[in-house]
Amino acid sequence: MPDRTPTQSFDFLVLGTGMAGLSFALRAAEFGTVAIVTKKNRADSNTNWAQGGIASVWAEDDTVELHVQDTLDAGAGLCREEVVRSILAEGPARIRELIEIGARFDGHPDPLHPGEVSLDLTREGGHSRRRVLHAKDATGAEIERALLKAVAAEKRIRVLENHVAVDLVTTSKLGLPGAPRCVGAYVLDRASQQVTAFAARAVILATGGCGKVYLYTTNPDIATGDGVAMAYRAGAGVANMEFIQFHPTCLFHPKAKSFLISEAVRGEGAVLRGADGMRFMERYDPRLELAPRDIVARAIDSEMKRTGADCVFLDITHKPARFVMDHFPNIYARCMEHGIDMTKEPVPVVPAAHYQCGGVLVDAQGRTEIDGLFAIGEVACTGLHGANRLASNSLLEALVCAHRAADHLAVHPPADSSCTIPPWEPGSATDPDELVVVSHNWDEIRRTMWDYVGIVRTDKRLRRAEKRLGNLQEEIREYYWNFRITSDLVELRNIATTAELIVGCALQRPESRGLHYNLDHPLADAGWSQRDSVMRRSRP
Ligand code: SIN
């Protein structure tokens, strides 16, 4: 029986409750109704997990030009310079607004301006100045708290928790003539297991990244590449997915799932040591532990392979214990839970998948190639990050681009959709024996990606991954069309598509650049500078 749940209509449908989605919603609610759909609870987002902070020109010895140069340097010849310049220049104004709605960053009384607070700035890899605003080591959680509070006070915003977007609805999917336009999405309510059509004048993908495509990641469970996969299926261009950033320092402990040790720890002086206790970064880069992330992650990977060790060690024991506990209370507490006192002993760490630098191709307003479909934050590829994101530039991008997308829609409101979205046709079969396929395929994709599409790649490994993913996709497609939909199946389908996009982009690029390192093409090729690897599916 087809699901007869009536279509819900809003001006704007936002997928995701991280910084990008919430910031957009707050601005857009000034001129329209907004539904925000989120897979789990409203605070389940990559933003909420962000430790380090938000990079912005704030100090007197800093300039936008210096921030631009650091970003271009990390981006390894692939950033769009005009995009970098404009996003970074807009950052301070947007952060002031964030502070006005209640986000609190660490600071101290300003001796020159009594009654005012001077914000404390930390440093991270690749930054030539201290410019990272932070709230201890839980900056994302503080931003998320402030945004959620503001959203809760806004009557025109409705937040739907435990709702999973299944697919976008476009006019071409509905068989209508003309250029394709996104008119809504099908959304699964996890509690009732019903799929409802949501109609909207514009759909905003703010779904974050895809760390769960890899076996080891610093990301929360929700990071399954949903936005990229849905946009690709709808026919939008997706670019530069080979540039997956591996964070150098994820806690290595059998019981510590996905726990990041912030780069700010290195920013405040921590050093990396091998199992023999010796430092090794001087053999890789003169910037040592504060070299850009791709360099540090590759150095760690190479040391682990060279010595056969399972991990390396991050050592901040030379700093006073009080300093460490004050600056990194959450990291300190989490390490203590696992019996590691970071004030007295080095912390075992390994690199893990952390950030997706490519994504859905967008312009400066967050517009994708499909009318009515926008993408902001980690899901989008604006050109800011190029081949390697500079630490703490991501929250800034999410904030600036969310405002831009909303401001664009305020001035250019999309036409009201006149088409009717038909109800979802559910598959009828449910066979519990087959459910195990979902978990097996999940595991196989994540291991394949880790083994063959990780920090160091080769053509042969990429081809091997392509083949395996192709077989898995066939199985998943069959399962998807024949069985009743579940959130696990939706996510499996999305990680499979995202994995294929990462491999497809990696195979397009016959060079090594930034985060994409291929032993068969170990050097950068000038012909590929400023050239995106793009994947597009023929439109339905
Ligand atoms: C960190 O705290 O190291 C993460 C910051 C980032 O990914 O930008």
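All ligand and atom numbering here is 1-based and tracks the order in the structure.
Close contacts between ligand 1 and Ala391 involve ligand atoms 8 (O) [criterion: under 4.0 Å to a heavy atom]. If you number the atoms of ligand 1 from 1 as listed, the ones under 4.0 Å from a heavy atom of Glu263 come out as 1 (C), 2 (O), 3 (O). Interface atoms of ligand 1 facing Gly52, defined by a heavy-atom separation under 4.0 Å, are 1 (C), 2 (O). Counting atoms of ligand 1 from 1 in the listed order, those under 4.0 Å from a heavy atom of Leu260 are 1 (C), 2 (O), 4 (C).
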Applying side-chain hydrogen bond (donor to acceptor under 3.5 Å, both in side chains) to His385 and Gln245, what does each step give before you reach the verdict? CA-CA 10 Å; His385 307 311; Gln245 186 168 70; over 6 Å; no
If you apply the rule side-chain hydrogen bond (donor to acceptor under 3.5 Å, both in side chains), what do you find for Asn393 with His67, and how did you get there? CA-CA 10 Å; Asn393 266 356; His67 194 177; 2.9 Å; yes
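The closest heavy-atom contact to atom 6 (C) of ligand 1, among the options Glu124, Gln51, Arg293, comes from Arg293.
Taking a 4.0 Å cut-off on heavy atoms, His354 registers as neighbouring ligand 1. The shortest separation from a heavy atom of Asn393 to ligand 1 is not under 4.0 Å, leaving the residue out of contact.
The local environment of CZ in Arg287 is crowded, with over 12 non-hydrogen atoms from other residues, nucleotides or ligands closer than 6.0 Å.
Side-chain rings of Tyr216 and Phe246 stay apart, their centers remaining 6.0 Å or farther from each other.
Residue Lys212 forms a side-chain hydrogen bond (donor to acceptor under 3.5 Å, both in side chains) with just one option from Asn494, Thr217, Asp221, and that option is Asp221.
At a 4.0 Å heavy-atom cut-off, ligand 1 does not touch Leu395 at all.
By the 6.0 Å and 45° rule, Arg273 does not stack over the aromatic ring of Phe313.
The protein heavy-atom contact nearest to atom 8 (O) of ligand 1 is Ser392 N, 2.6 Å. Among protein heavy atoms, atom 2 (O) of ligand 1 sits closest to Ser262 OG, 2.7 Å.
The aromatic rings of His408 and Phe374 sit tilted, their planes meeting at an angle between 30° and 60°.
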